[in-house]
Peer 1: 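Here it is: the structure, laid out below.
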Amino acid sequence: MVLGNIAERNGVSPQYLEQVFASLRRAGIVKGIKGSQGGYRLNIDPGELTVSEILEALDGSYQIDAEETPDDSHGRGIADSIQNLVIDQINEKLNQILTGITLNDLKRHYLDYKEYNQDMYYI
């Protein structure tokens, strides 16, 4: 795939897209192909590549970081409660969702949406 065409179709700068693909290449998600027909190709089967892996390649961890806890026991108890009951559970659910969706799933959903909307007629 040629980045210039992708950038133009999606209204993003080619320089930004090059940075995105450089991150994906460093993570081993895509590989660069040299030559006149060069560009980038997926290096991982789309049925195996998860949204989690893509996000981590582009932005690092998507998990909510633990906050530093206060030194006093009252503040520490509150912080630990919030960490255990809220943040840890959000991170767990977020991880379940993002590791459960593959690039193939996104493609299939998009194609279903596109097909459904082509048959819609508005009066």
Side-chain angles (χ1 to χ4, degrees):
M1 64 181 85
V2 180
L3 293 184
N5 293 342
I6 295 171
E8 187 176 319
R9 277 194 323 255
N10 292 286
V12 297
S13 98
Q15 294 82 8
Y16 170 73
L17 204 54
E18 185 61 49
Q19 290 175 349
V20 168
F21 273 79
S23 294
L24 295 172
R25 186 177 40 79
R26 279 191 299 275
I29 293 173
V30 297
K31 62 182 173 182
I33 307 295
K34 296 184 187 280
S36 62
Q37 297 296 315
Y40 290 93
R41 298 199 190 278
L42 274 177
N43 200 31
I44 299 174
D45 181 279
E48 306 276 322
L49 180 59
T50 66
V51 171
S52 169
E53 292 170 301
I54 297 167
L55 288 176
E56 286 177 347
L58 297 176
D59 288 327
S61 176
Y62 53 82
Q63 300 278 308
I64 300 172
D65 292 331
E67 294 293 320
E68 293 206 17
T69 57
D71 288 334
D72 65 275
S73 63
H74 180 73
R76 181 176 303 255
I78 293 171
D80 285 348
S81 295
I82 292 170
Q83 181 68 44
N84 294 329
L85 296 174
V86 179
I87 295 172
D88 289 348
Q89 289 188 42
I90 289 171
N91 284 337
E92 183 180 322
K93 295 293 184 191
L94 186 59
N95 194 50
Q96 287 174 353
I97 292 167
L98 297 178
T99 58
I101 301 172
T102 67
L103 190 57
N104 245 9
D105 295 331
L106 292 174
K107 177 184 173 185
R108 191 172 27 254
H109 189 272
Y110 167 74
L111 292 175
D112 288 347
Y113 173 81
K114 186 176 168 184
E115 183 179 318
Y116 175 76
N117 282 333
Q118 283 181 347
D119 295 336
M120 294 296 292
Y121 297 96
Y122 298 96
I123 299 176

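Quick caveat, the model's predicted, so the values are computed rather than measured. Numbers here are sequence positions counted from 1.
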Peer 1: Less than 3.5 Å apart, any donor N or O on the side chain of Tyr40 or Glu18 sitting next to an acceptor on the other?
Peer 2: yes
Peer 1: Under a 4.5 Å cut-off applied to non-hydrogen side-chain atoms, are His109 and Leu106 in contact?
Peer 2: no
Peer 1: Looking at Gln89 and Leu85, would you say the former's side chain and the latter's main chain have a donor-acceptor pair under 3.5 Å?
Peer 2: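 Such a contact is found between Gln89 side chain and Leu85 backbone.
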Peer 1: Please tabulate, one pair per line, all N/O donor-acceptor pairs under 3.5 Å involving side-chain atoms of residues 21-30, not counting sequence neighbours.
Peer 2:
| unit_1 | atom_1 | unit_2 | atom_2 | d |
| --- | --- | --- | --- | --- |
| Ser23 | OG | Gln19 | O | 3.3 |
| Ser23 | OG | Arg26 | NH2 | 3.2 |

Peer 1: Does Asp45 reach the main-chain N or O of Gly47 with its side chain, forming a donor-acceptor pair under 3.5 Å?
Peer 2: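 Flag set: sc Asp45 to bb Gly47 pair under 3.5 Å.
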Peer 1: Tell me every residue that passes side-chain contact (heavy atoms from CB on, under 4.5 Å) with Ile33, counting only those two or more places apart in sequence or in another chain.
Peer 2: Lys31, Arg41
Peer 1: Taking side chain as C-beta onward, heavy atoms only, is Asn10 less than 4.5 Å from Ile6?
Peer 2: yes
Peer 1: Are Ile97 and Ile87 connected, step by step, through hydrophobic side chains (Ile, Leu, Val, Met, Phe, Trp, Tyr) whose heavy atoms are closer than 4.5 Å?
Peer 2: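 No, Ile97 and Ile87 fall in different hydrophobic clusters.
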Peer 1: Hey, could you give me the CD1/OG1 distance between Ile44 and Thr102, rounded to the nearest 0.5 Å?
Peer 2: 12.0 Å
Peer 1: Test your reading of the model: is there a side-chain donor-acceptor pair from Asn95 to the backbone of Asn91, 3.5 Å cut-off?
Peer 2: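 No: the side chain of Asn95 does not pair with the backbone of Asn91.
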Peer 1: Do the side chains of Leu58 and Leu103 join up, straight or via other hydrophobic residues, at under 4.5 Å, putting them in one cluster?
Peer 2: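 Yes, Leu58 connects to Leu103 through the hydrophobic network.
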Peer 1: Once side-chain hydrogen bond (donor to acceptor under 3.5 Å, both in side chains) is applied, do any residues pair with Asp88, and if so which ones, sequence neighbours excluded?
Peer 2: Gln83
Peer 1: Checking Leu98 now: which residues fulfil side-chain contact (heavy atoms from CB on, under 4.5 Å) with it, not counting sequence neighbours?
Peer 2: Val51, Ser52, Leu55, Tyr62, Leu94
Peer 1: More than 12 foreign heavy atoms under 6.0 Å from CD of Glu48: is that the case here?
Peer 2: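 Result for CD/Glu48: open.
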Peer 1: How would you list, by chain and number, every residue that makes a side-chain hydrogen bond (donor to acceptor under 3.5 Å, both in side chains) with Glu53, sequence neighbours excluded?
Peer 2: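 Expected list: Thr50.
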Peer 1: Please check if the number of heavy atoms outside Glu8 that lie under 6.0 Å from its CD is greater than 12.
Peer 2: no
Peer 1: I'd like to check the side-chain hydrogen bond (donor to acceptor under 3.5 Å, both in side chains) partners of Glu92; sequence neighbours left out, ordered by chain and number.
Peer 2: none
